[in-house]
Amino acid sequence: MREITYRQALNEALAEELERDPNVFLMGEEVAEYQGAYKVSHGLLQRFGPRRIIDTPISENGFAGLGVGAAMVGLRPIIEFMTFSFSLVAFDQVVNNAPNMFTMSGGQFNIPITFRGPNGPAHQLGATHSHATENFYASVPGLKVCAPATPRDAKGLLKTAVRDDNPVLVLEAELLYSSKGMVEPPDEELLIPLGKAEVKREGSDVSIICYAQTVPLALKVADQLEEEDISAEIVDLRSIKPLDEKTIFDSVAKTHRVVIVEQDHPFCGVGAEVCYRIQKNIFDALDAPIIRVSQEDVPMPYNERLEKAVLPNADKLIAAVKQVCYA
Amino acid sequence: MQPVEQRDEVEMLSLMLLIRRFEERASQQYQAQKIGGFCHLYIGQEAVVTGAIAAVRDDDYVITAYRDHAHALARGTSPDACMAELFGKETGCSRGLGGSMHFFDKQHHMYGGHAIVAAHIPLAVGLAFAIKYRGEDRVTLCFFGDGAINQGAFHEALNLAALYRLPIVFICENNLFAMGTSVQRSTSLRQIVDRAEGYDIPGEIVDGMNFREVRDKVAEIVDSIRKEPHPAFLEMRTYRYRGHSMSDPASYRTKQELEKYRLDDPITRLRAQLTREGKLTNEQFDLLDKRAKETVLAAVKFAEKSPQPPLDTLYDYTYADGATEPDRPRPVEPAQERREVAPSPSTNSP
């Protein structure tokens with residue numbers, strides 16, 4: 001194992017999959033000559049050439065659809081959205097064409113495509129550039145959605161996504177691109193299955209269910225709670241869809257108390273689905289109502305102080321934990 | 001498949017007849033409520049798809065919008081599978097899961113059947129991208145209506161195709177109406193073909209009621225594309241005799257206009273050309289038409305007696321690997337009622 005950044009981990013995943021399968025290509029805005037808006041594709045043009053690392057004009061609908069069409073005849077496109085906020089321009093391709101094709105064609109055309117890029121609020125980008133799209137996309141049958149929080153998960157999930165025979169969205173986190181973590185060396189194949197959550201820290205008093213940018217937050221909060229003798233178990237969903245019910249339920253059966261911290265909005269957010277499944281399946285294991293911590297239900301303000309007030313933070317999470325622990 | 005110039009025109013006339021009779025019968029079955037949803041008929045436009053298909057190879061890619069029955073038939077999808085799809089049956093070309101607007105046939109390189117206006121044009125560019133990526137000499141034929149040319153997806157797709165020099169023919173089937181809105185009321189240009197010029201794509205206007213003109217023009221362009229990949233644009237001037245869909249009486253146009261186009265009927269025209277040249281007798285034509293009608297009637301029978309898609313396959317076509325969320329019980333077929341069967345002697349015995 002060695003320590004690398006989330007950005008490097010994604011870059012390795014792309015390079016390894018491009019190397020392994022000649023049907024894989026990377027397409028998007030500024031992915032080639034500019035070396036990636038967030039440098040995730042750094043060096044790939046030099047290594048794989050312009051046939052496989054392809055710059056596009058600013059035409060999300062067009063190039064997302066191009067990817068779906070290429071996937072119909074067996075190529076395995078990786079389509080980069082500069083941010084998933086811009087994927088909304090291609091919503092028709094991601095929601096109507098990619099996931100419906102397999103059904104509409106009676107199983108003749110599966111779409112092995114990966115849509116990837118940063119998702120969720122970053123830092124003072126305002127309402128149009130701060131969308132957390134996981135709950136929209138996870139509600140669409142036919143799509144798979146993952147949201148890695150660590151360099152290791154980012155690499156392993158992206159490689160799995162590229163090999164999956166279905167459309168998979170890899171929702172990266174802009175604020176995590178420079179974060180570091182331990183990852184297997186490049187000569188060791190790292191594939192992390194979709195639909196498998198991971199307990200990032202064991203605990204006994206409360207389960208904090210989180211993903212993507214809320215994982216480092218939850219881990220930090222767990223340290224603080226420990227000083228107050230509250231032992232928090234951190235469950236990182238990693239995949240939003242399919243959802244790993246077993247890991248969630250096992251944790252809840254152990255702690256009996258749940259806080260869900262998510263980066264999307266509260267109404268029909270990811271936490272709402274997780275909450276529903278817990279109460280439906282293991283109602284008797286619960287010793288307190290489940291509490292969700294999410295963004296506030298407002299478009300993202302630019303002002304820094306207001307932005308912080310919209311996002312989940314340590315204070316909100318700690319208060320929620322104390323509420324479910326009656327502490 | 002035979003080289004383009006040698007393909008039998010009588011065979012292509014026969015295909016046009018099959019399309020027309022298929023659509024007429026679909027209309028009748030729709031009115032009899034055997035067909036659900038929306039149903040858009042191709043009657044009047046037959047020369048466009050038959051002419052274009054006559055000019056390409058069997059392994060070239062074809063993709064179109066929702067008025068798609070004719071494109072599947074022209075590509076070689078069996079009339080049985082097409083009619084069964086309209087009936088929503090398991091034997092349909094999309095297993096009854098797609099319906100009228102979503103015909104697919106992988107074996108015959110028919111890539112749909114797409115019902116969001118212009119959303120398939122980027123897909124078509126993706127098919128063409130894959131051809132060039134693999135260094136093949138195939139061509140993609142992308143059909144769409146005049147209503148598609150004011151959608152963003154159309155413009156993005158044309159720009160990408162031109163930028164990457166992709167082997168694709170954009171075939172605009174200009175039947176003068178986007179649903180009920182005439183081209184003059186929807187499009188700022190006087191000629192649709194001028195859209196292509198904006199993307200530096202060569203474009204031409206073709207008489208879409210004339211099979212030979214369509215075939216020869218598509219053949220010429222496809223030949224040029226096979227030598228050196230590039231996009232091209234053809235505006236086919238055509239006309240649909242029916243409304244936009246089965247629910248549209250087409251009251252936005254005059255009877256005189258419809259009659260004018262009926263006099264220029266593509267089937268009548270090709271028939272007259274062949275008859276004049278001594279390649280077809282009236283008896284032969286009648287026989288072709290009789291065969292087309294019989295084929296379509298047989299397709300209706302096939303569709304009627306075909307089974308429904310089983311309920312327990314409901315989750316089979318969502319993910320290619322069969323992945324489903326946990327905790328989602330699959331529906332099961334309701335138990336067959338068996339009133340005629342006597343109760344088992346082991347139960348309720350006195």
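Just so it is clear, the values below take in all heavy atoms, side chains as well, and ignore hydrogens, waters and symmetry mates. Every chain is numbered from 1, with letters handed out A, B, ... down the list of sequences.
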* Structure fact -> Note: vs chain A, highest number of non-hydrogen pairs under 4.5 angstrom among B:Ile63, B:Leu166, B:Asp105, B:Leu158 is B:Asp105

* To do: Would you mind telling me which of B:Lys106, B:Glu90, B:His102 has the largest number of heavy-atom pairs within less than 4.5 Å of chain A?
  => B:Lys106

Where [X] and [Y] come nearest, the two heavy atoms and their spacing:
X: A:Phe63; Y: B:Leu160; result: N-CD1, 3.7 Å
X: A:Pro57; Y: B:Asn159; result: CG-ND2, 3.7 Å
X: B:Thr318; Y: A:Gly142; result: CG2-N, 3.6 Å
X: A:Gly62; Y: B:Pro122; result: O-CB, 3.6 Å
X: B:Tyr111; Y: A:Met72; result: O-CE, 3.6 Å
X: B:Phe104; Y: A:Met104; result: CD1-O, 3.6 Å

* Taking A:Thr103 for the side chain and B:Tyr317 for the main chain, is one N or O donor matched with an acceptor at less than 3.5 Å? -> yes

Which bit of [X] comes within less than 4.5 Å of chain B, counting heavy atoms only: side chain, backbone, both or neither?
X: A:Pro167; value: neither
X: A:Asp244; value: neither
X: A:Asp92; value: side chain
X: A:Phe102; value: both
X: A:Gln108; value: both

* Among A:Ala71, A:Ala64, A:Gly107, who wins on heavy-atom pairs under 4.5 Å with chain B? -> A:Gly107

* **Greatest number of heavy atom pairs closer than 4.5 Å to chain B - which of A:Leu194, A:Ile58, A:Leu143** => A:Leu143

If you count heavy atoms of other groups shown closer than 6.0 angstrom to [atom1] of [X], is the number above 12?
X: B:Glu304; atom1: CD; value: yes
X: A:Lys254; atom1: NZ; value: yes
X: B:Phe302; atom1: CZ; value: yes
X: B:Met179; atom1: CE; value: no
X: B:Asp200; atom1: CG; value: no

What part of [X] lies closer than 4.5 angstrom to a heavy atom of chain A: side chain, backbone, both or neither?
X: B:Phe103; answer: neither
X: B:Ile121; answer: neither
X: B:Tyr61; answer: side chain

Which atom pairs, donor and acceptor, lie under 3.5 Å between side-chain atoms of residues 123-131 of chain B and protein residues at least two apart or in another chain?
none

Going by heavy atoms in the side chains, are [X] and [Y] under 4.5 Å from each other?
X: A:Lys144; Y: B:Asp321; value: yes
X: A:Asn61; Y: B:His155; value: no
X: A:Thr56; Y: B:Tyr164; value: yes

* Structure fact -> Interatomic distance, CD@A:Glu60 vs CD@B:Glu156, rounded to 0.5 Å, equals 7.5 Å

* Can you measure from CG (A:Asn97) to NE2 (B:His114) and round to the nearest 0.5 angstrom? => 6.5 Å

* Quick one: side chain to side chain donor-acceptor pair (under 3.5 Å) partners of A:Glu189, sequence neighbours excluded? -> A:Lys159, A:Arg163

